[in-house]
**Q** 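Before anything else, here's the structure in question.
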There are 2 protein chains.
Amino acid sequence: MNEKLHEIKKMLQEDGYKLTPQREATVRILLEKDKEHLSAEDIYMLVKDKAPDIGLATVYRTLELLSELRIVHKLNFGDGVARYEITSDDEGHHHHHIVCLECGKLEEFEDDLLEEIEKRIESTKNFQIVDHRLSFFGYCKDCKDKPKSERPKMKIE
Amino acid sequence: MNEKLHEIKKMLQEDGYKLTPQREATVRILLEKDKEHLSAEDIYMLVKDKAPDIGLATVYRTLELLSELRIVHKLNFGDGVARYEITSDDEGHHHHHIVCLECGKLEEFEDDLLEEIEKRIESTKNFQIVDHRLSFFGYCKDCKDKPKSERPKMKIE
DNA sequence: CTTATTGCAAAAGTTTTGCACTATA
DNA sequence: TATAGTGCAAAACTTTTGCAATAAG
């Protein structure tokens, strides 16, 4: 069992949850596809290869549990499906999302500027921050100047 | 007819669309509630007061049209409902969310620091940003020291 | 053993669509 | 008058839930 998986198992157990084969298979997929933004359906399909008897509801329940424990981030890019990605280990290296509202193209960028804002909030509001989420929405270079008729249809990878 | 509405009428007509009474009623609501994040259902209810015969499908179609024309922003907070707000003229009026994971309390705060990041993205990536979402998650001063097991489910918005 | 977890199917909830009718430019 | 737009109901989706059966610790 790989190291990260073992760590997740411990996180689950600390909160009284079991690492069932279904949960393990789901986590394995998430670890494997750690740079992708998979929908529940995507994950379900991938997990099914390894554990054919798993149900979609279980995938949803697992993803919700992992979200609660902040083992995964639940993301929303506005196309009507939630997407999930495993939470990265390295603190202070948050990546943010830049989403094109037209074609759905997604870019990422790293920035530590938020740390500064966080510190300010923590001191002025006496609020202990454990996570943040930042997304920018707009129009990418391919879409922003195109006449509307030529714009590609939105499709998120 | 107020100025902004007239401007929107012109934007519609330039693209060959008509400003029907239903669309006008919808736009009026959006202009009126310009600081709120209304779901299609919310808007439907509000529009119904003024135009009782309007159908929900028409509201959806209108909102999609206005989104395409970039007259409204379609937003997603991750709670399974799309929200809409009229595209604001005045830049620099963004508010961010601070969500307590324990009690679900939501605070807002204004900050212009993101403008700086936005400008950098706009120039380095040639990406026209129209909106952003920034949320911080953590524990408010009242909940900071409560046991983890009692945390209620997070509720966005 | 105990009780959390699962699969299934049904339900819930949001958004889209087909179609005949209407009304705008 | 031509055709874009509408209301309604049904369809299409994604996500959640109830429940009896199962299995993890």
Side-chain angles (χ1 to χ4, degrees), chain A residues 1 6 8-27 37-45 47-48 50-69 72 74-84 153-156, chain B residues 1 6 8-27 37-45 47-48 50-69 72 74-84 149 153-157:
Chain A
M1 192 186 294
H6 196 266
I8 289 169
K9 180 177 185 175
K10 257 171 46 184
M11 292 169 78
L12 284 169
Q13 288 176 334
E14 269 167 29
D15 281 34
Y17 299 110
K18 300 166 182 173
L19 182 63
T20 63
Q22 293 91 333
R23 286 180 184 161
E24 182 177 327
T26 304
V27 168
H37 302 117
L38 302 170
S39 68
E41 188 75 32
D42 294 338
I43 294 164
Y44 173 57
M45 304 286 234
V47 173
K48 260 204 130 158
K50 299 183 175 180
D53 288 339
I54 197 171
L56 179 56
T58 298
V59 172
Y60 272 105
R61 282 184 284 228
T62 298
L63 291 170
E64 202 206 301
L65 174 60
L66 296 175
S67 282
E68 253 166 50
L69 299 181
V72 305
K74 183 179 180 182
L75 307 171
N76 245 292
F77 298 124
D79 62 342
V81 221
R83 287 161 196 283
Y84 302 83
K153 251 297 204 242
M154 169 140 155
K155 196 172 160 189
I156 292 179
Chain B
M1 192 185 292
H6 197 265
I8 289 170
K9 180 177 186 177
K10 256 170 49 184
M11 292 170 77
L12 284 169
Q13 289 176 332
E14 269 166 30
D15 281 35
Y17 300 109
K18 298 167 184 174
L19 182 63
T20 63
Q22 291 92 334
R23 287 179 183 161
E24 181 176 328
T26 304
V27 168
H37 302 127
L38 303 170
S39 67
E41 189 74 31
D42 293 338
I43 294 164
Y44 173 58
M45 305 286 233
V47 172
K48 261 204 130 164
K50 299 184 175 181
D53 288 340
I54 197 170
L56 179 56
T58 297
V59 172
Y60 272 106
R61 282 185 284 229
T62 298
L63 291 170
E64 203 206 300
L65 174 61
L66 295 175
S67 283
E68 253 164 51
L69 299 181
V72 305
K74 184 180 179 179
L75 307 171
N76 232 293
F77 292 89
D79 61 344
V81 220
R83 287 161 196 282
Y84 302 84
S149 55
K153 249 186 151 168
M154 186 174 85
K155 201 169 161 190
I156 297 183
E157 272 329 75

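Letters A, B, ... are given to chains in the order of the sequence lines, protein chains preceding strands, and every chain is numbered from 1.
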**Q** Within the structure shown, what part of the strands sits under 4.0 Å from B:E41 by heavy-atom distance: base, sugar-phosphate, or nothing?
**A** nothing
**Q** Taking atom NZ of A:K10 as the centre, does the number of heavy atoms from other residues, nucleotides or ligands within less than 6.0 Å exceed 12?
**A** no
**Q** For B:A57 and B:P21, take the nucleotide of DNA chain C holding the closest heavy atom to each; which residue's nucleotide lies nearer the 5' end?
**A** B:A57
**Q** Quick check for you: among C:dT5, C:dT14, D:dG7, whose closest atom lies nearest to any side-chain atom of A:T20?
**A** C:dT5
**Q** Measure from CD on A:E24 to C1' on D:dG25 and round the result to the nearest Å.
**A** 15 Å
**Q** How is B:R23 classified with respect to the nucleic acid when contacts are heavy atoms under 4.0 Å: base, sugar-phosphate, or nothing?
**A** sugar-phosphate
**Q** If you check every side-chain atom of A:V81, which of D:dT6, D:dT14, C:dG7 has the closest atom?
**A** D:dT14
**Q** Hey, does B:Y44 have a side-chain heavy atom less than 4.5 Å from the side chain of B:V59?
**A** yes
**Q** Rounded to whole angstrom units, what separation is found between the OH atom of B:Y44 and the P atom of D:dT6?
**A** 14 Å
**Q** When the distance from CG of B:D53 to C1' of D:dG7 is rounded to whole Å, what number comes out?
**A** 9 Å
**Q** Find the distance A:L56:CG to C:dA9:P and express it as a whole number of Å.
**A** 13 Å
**Q** Can you check the B:D15 CG to D:dG5 C1' distance for me, whole Å?
**A** 16 Å
**Q** Please state how far atom CD in B:E68 lies from atom C1' in C:dT16, giving the value in whole angstrom units.
**A** 14 Å
**Q** I'd like to know whether B:L12 forms a side-chain contact (heavy atoms from CB on, under 4.5 Å) with B:L65, so could you lay out the CA-CA distance, the side-chain angles of the two residues, the decisive distance to 0.1 Å, and finally the verdict.
**A** CA-CA 9 Å; B:L12 284 169; B:L65 174 61; 3.8 Å; yes
**Q** Which nucleotide in the list C:dT5, C:dG7, D:dT15 gets nearest to the side chain of A:Y17?
**A** C:dT5
**Q** Quick one, A:R23 and A:I8 - any side-chain contact, counting heavy atoms below 4.5 Å?
**A** no
**Q** Distance check needed: C:dT15 P versus B:L38 CG, whole Å only.
**A** 13 Å
**Q** Between atom CG in B:L19 and atom P in C:dT24, what is the gap in whole Å?
**A** 11 Å
**Q** Please determine, for the side chain of B:K18, which listed nucleotide (D:dA24, D:dA4, D:dT16) has the closest atom?
**A** D:dA4
**Q** Can you figure out which of C:dT15, C:dG7, D:dT6 approaches the side chain of A:R61 most closely?
**A** C:dG7
**Q** Indicate yes or no for a side-chain donor-acceptor contact from A:R83 to the backbone of A:L38 under 3.5 Å, with no hydrogens or angles considered.
**A** no
**Q** Pick the nucleotide of DNA chain C nearest each of A:T62 and B:S39; which residue has the one closer to the 5' end?
**A** A:T62
**Q** Whether A:Y60 contacts D:dT15 is assessed here as follows: a side-chain N or O lying under 4.0 Å from the phosphate OP1 or OP2. Is that the case?
**A** yes
**Q** Look at A:Q22 and C:dG7 and indicate whether a side-chain polar atom (N or O) is within less than 4.0 Å of OP1 or OP2.
**A** yes
